[in-house]
Amino acid sequence: MALENNTVGTGRVGRGVVGSVLVGRLGWTLISFLSLLVLWAIVAAVLQSRLFPGPMEVGEKLASEAATGELGYNVGVTLARVAVSFFLAMFIGCAIGIALGCAKGADQFFDTWLIFFLNLPALVTIILCYVWFGLTEVAAILAVAINKIPNVAVTVREGARSLSRDLAEMATIYRFGTWKTLRHVTIPQLAPFFAAAARGGLALVWKIVLVVELLGRSNGVGHQLHIAFQLFDVPMILAYAIAFILVVQIIEIGVLQPLEARVNRWRR
Amino acid sequence: MKRSEPAIQVSIARKVFPAIADRPEHVVLGGVELTVERGSFVVLTGPSGCGKSTLLNIIAGLDDDYQGTVSFGKDTGKLSFMFQTPRLLPWRTVEENVLLILDDDGPDAKARVAAILSRVGLSEAANAYPERLSVGMQRRAALARAFVIEPDVLLMDEPFVSLDDPSADSLRALLIELWNRRPTTVLFVTHDRIEAVMLATRLIRLGGNPASIVQDSGVDLSPDERLDREKVLAWRGRLFENA
């Protein structure tokens, strides 16, 4: 079993290399992050302006906002809106994408619609949703989802167009049926496209949710930024921005990356 | 046992590939009449591109755009198809790939899968993902998958093509062993004449344009004689003398 020994061997070497690369990358991330902080502190010290606070001041603001519970509450509210509109957009977008990728006639017919919605500015969707449905939670979530659905649909449509005919024939011969085919043949082929749509989607949804909150909600990070803007409270703006970046990174590293690794573990 | 009733009856009047771009319409098959007896190992051979695979796809039900009929006898519902490429699901392990073909995944089914994997020599690779295996091992997995449901009809489309000789030989020996253990109706497409003689109990040659059956002969060799190169070469000479 020369082949097996060989595989085990490369596996061990592979892990070692991955390990040192990881440590190296973490080290570089740390160095790069610290130098950004230092640069920020120096510029703030030179400017000595109320409108350009240093890292210490922002850190204090972050701590005091966290202590009153305001920070946790508002980030939580925003997170909930992101989650609901994200899953809504993913579900509807994937369904549309699969349908268009599999049915050529429908694709030709709806292509123009898709291009229209893709190019509709986010701000227009948000304003129209608020005008038509009032300043409600439903309108807010709907506005975010409508912005995201066309992107998801286009990405997943690409995947559905490239589904393997060979595997589909195999599933027909062995009588997999609809559910088994979907679960074991179709969805695994679309997984990379779902992942791409999810990643791009999350980045977009975060940003649009803030705008939606700024324009028509009375809580959430976007609303807090709105208040801080009116007061010219720059430390508050930066404190919320940093809290927000941290949460996004935690989700990226803690949820998205492990999920992607799991889905891709069969690859050579 | 009603051995007399045929397993498959094929009657194809015409099969046309429609015109694509600048290529004109092409009549592939014309007047193919074929009756396959139960338990026979029928090898379909003929020049490349003559329509062997097309015929097999029609029989498998993968292609229903033809004029004619294909009917299966009683109790010949379970069909397996071994393709030119293994067509395993790369995101499922070898064991999962074979298990998926069965209707349930209980302990009985798992035992059956383990048994067939050990027979094709893949016990140790059961938990490996297909793309990490050699091409020969992937074909063994495809062979295990084709046999695990104990098919009534097994269709094979050049399943050992593009393998090195030792791998192809050992897979052929494995196929003969599995078939002897559980004789089933086989339709096997190949353009390799030695392979054709080694495996066939009946050899059918397609030819002409559009293609139809130009030769239909029995191959009367014992299992041992099939592994004897001299005997196989002698039969090849006799069968293909006017080809």
Side-chain angles (χ1 to χ4, degrees), chain A residues 1-15 18 94 98 102 104 156 159-160 162-196 198 258-268, chain B residues 53 56-64 77-94 96-105 121-138 141-142 145-149 151 153-157 167:
Chain A
M1 293 266 97
L3 181 111
E4 282 197 340
N5 289 334
N6 194 12
T7 320
V8 171
T10 26
R12 204 171 287 143
V13 171
R15 256 196 302 279
V18 167
C94 287
I98 293 174
C102 294
K104 220 168 185 177
V156 173
S162 61
L163 284 175
S164 157
R165 238 189 100 174
D166 282 6
L167 292 180
E169 285 183 353
M170 189 277 293
T172 309
I173 287 288
Y174 292 113
R175 299 185 183 165
F176 273 26
T178 313
W179 172 237
K180 215 171 177 182
T181 307
L182 202 62
R183 181 168 162 213
H184 298 285
V185 183
T186 312
I187 287 177
Q189 286 183 76
L190 293 177
F193 296 89
F194 290 151
L259 201 69
E260 228 173 340
R262 205 186 119 78
V263 169
N264 285 329
R265 79 197 149 183
W266 57 271
R267 282 179 203 280
R268 251 166 22 105
Chain B
S53 298
L56 210 59
N57 282 338
I58 288 174
I59 295 170
L62 293 175
D63 184 346
D64 55 9
K78 270 193 294 182
L79 194 79
S80 276
F81 197 130
M82 202 173 156
F83 304 92
Q84 265 184 38
T85 50
R87 300 200 191 179
L88 300 164
L89 298 171
W91 37 84
R92 297 284 181 265
T93 63
V94 168
E96 288 167 344
N97 261 290
V98 180
L99 191 59
L100 266 177
I101 308 306
L102 298 172
D103 287 330
D104 67 316
D105 53 5
L122 281 180
S123 291
E124 286 174 33
N127 292 317
Y129 288 101
E131 293 191 353
R132 294 177 193 247
L133 301 176
S134 68
V135 189
M137 286 166 100
Q138 290 182 29
R145 180 175 66 183
F147 270 90
V148 75
I149 54 169
V153 173
L154 173 57
L155 306 174
M156 306 182 96
D157 186 4
S167 303

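What you see is a predicted model, and the numbers here were worked out from it, not measured in a lab. Chain naming here is simple, since letters A, B, ... match the order of the sequence lines and numbering starts at 1 in each. Just the heavy atoms: all of them, side chains too, but no hydrogens, waters or symmetry mates, feed the values below.
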Any chance you could measure B:Ile101, atom CD1, to A:Met170, atom CE, to the nearest 0.5 Å?
5.5 Å
For chain A, which residues from residues 86-93 of chain B have at least one heavy atom closer than 4.5 Å to it?
B:Arg87, B:Leu88, B:Leu89, B:Pro90, B:Trp91, B:Arg92
By residue number, those in residues 183-190 of chain A with heavy atoms under 4.5 Å from heavy atoms of chain B are A:Arg183, A:His184, A:Val185, A:Pro188, A:Gln189
Could you tell me whether a side-chain N or O of A:Lys180 sits under 3.5 Å from a main-chain N or O of A:Ala171, the two making a donor and an acceptor?
no
Contacting moiety of B:Ala128, where chain A heavy atoms sit under 4.5 Å
neither
Just wondering, are more than 12 heavy atoms of other shown residues or ligands nearer than 6.0 Å to CG in B:Asp103?
no
Residue set satisfying ring-ring contact (aromatic ring centres under 6.0 Å, His included) with B:Phe147, at least two apart, ordered chain then number -> none
Using non-hydrogen atoms and a 4.5 Å limit, figure out which bit of B:Leu79 sits close to chain A: side chain, backbone, both or neither.
both
Choice from B:Asn57, B:Leu62, B:Leu155 maximising heavy atom contacts with chain A below 4.5 Å
B:Leu62
Straight-line distance of A:Ile98 CD1 to A:Phe193 CZ, nearest 0.5 Å
11.5 Å
Passing option when B:Val94 is tested against B:Leu99, B:Leu122, B:Asn127 for side chain to side chain contact (heavy atoms under 4.5 Å, CB included):
B:Leu122
How long is the straight-line distance from CZ of B:Arg132 back to CE of B:Met137, given to the nearest 0.5 Å?
13.5 Å
Stepwise, does the side chain to side chain contact (heavy atoms under 4.5 Å, CB included) test hold for B:Arg145 with A:Tyr174?
CA-CA 10 Å; B:Arg145 180 175 66 183; A:Tyr174 292 113; 3.8 Å; yes
State which residues pass ring-ring contact (aromatic ring centres under 6.0 Å, His included) with A:Phe176; sequence neighbours excluded, sorted by chain then number.
none
Separation of A:Asn264 CG from A:Leu259 CG (nearest 0.5 Å):
9.5 Å
To the nearest 0.5 Å, how far apart are CG in B:Leu56 and CG in B:Asp63?
11.5 Å
Please flag which part of B:Phe83 lies under 4.5 Å from any non-hydrogen atom of chain A: side chain, backbone, both or neither.
side chain
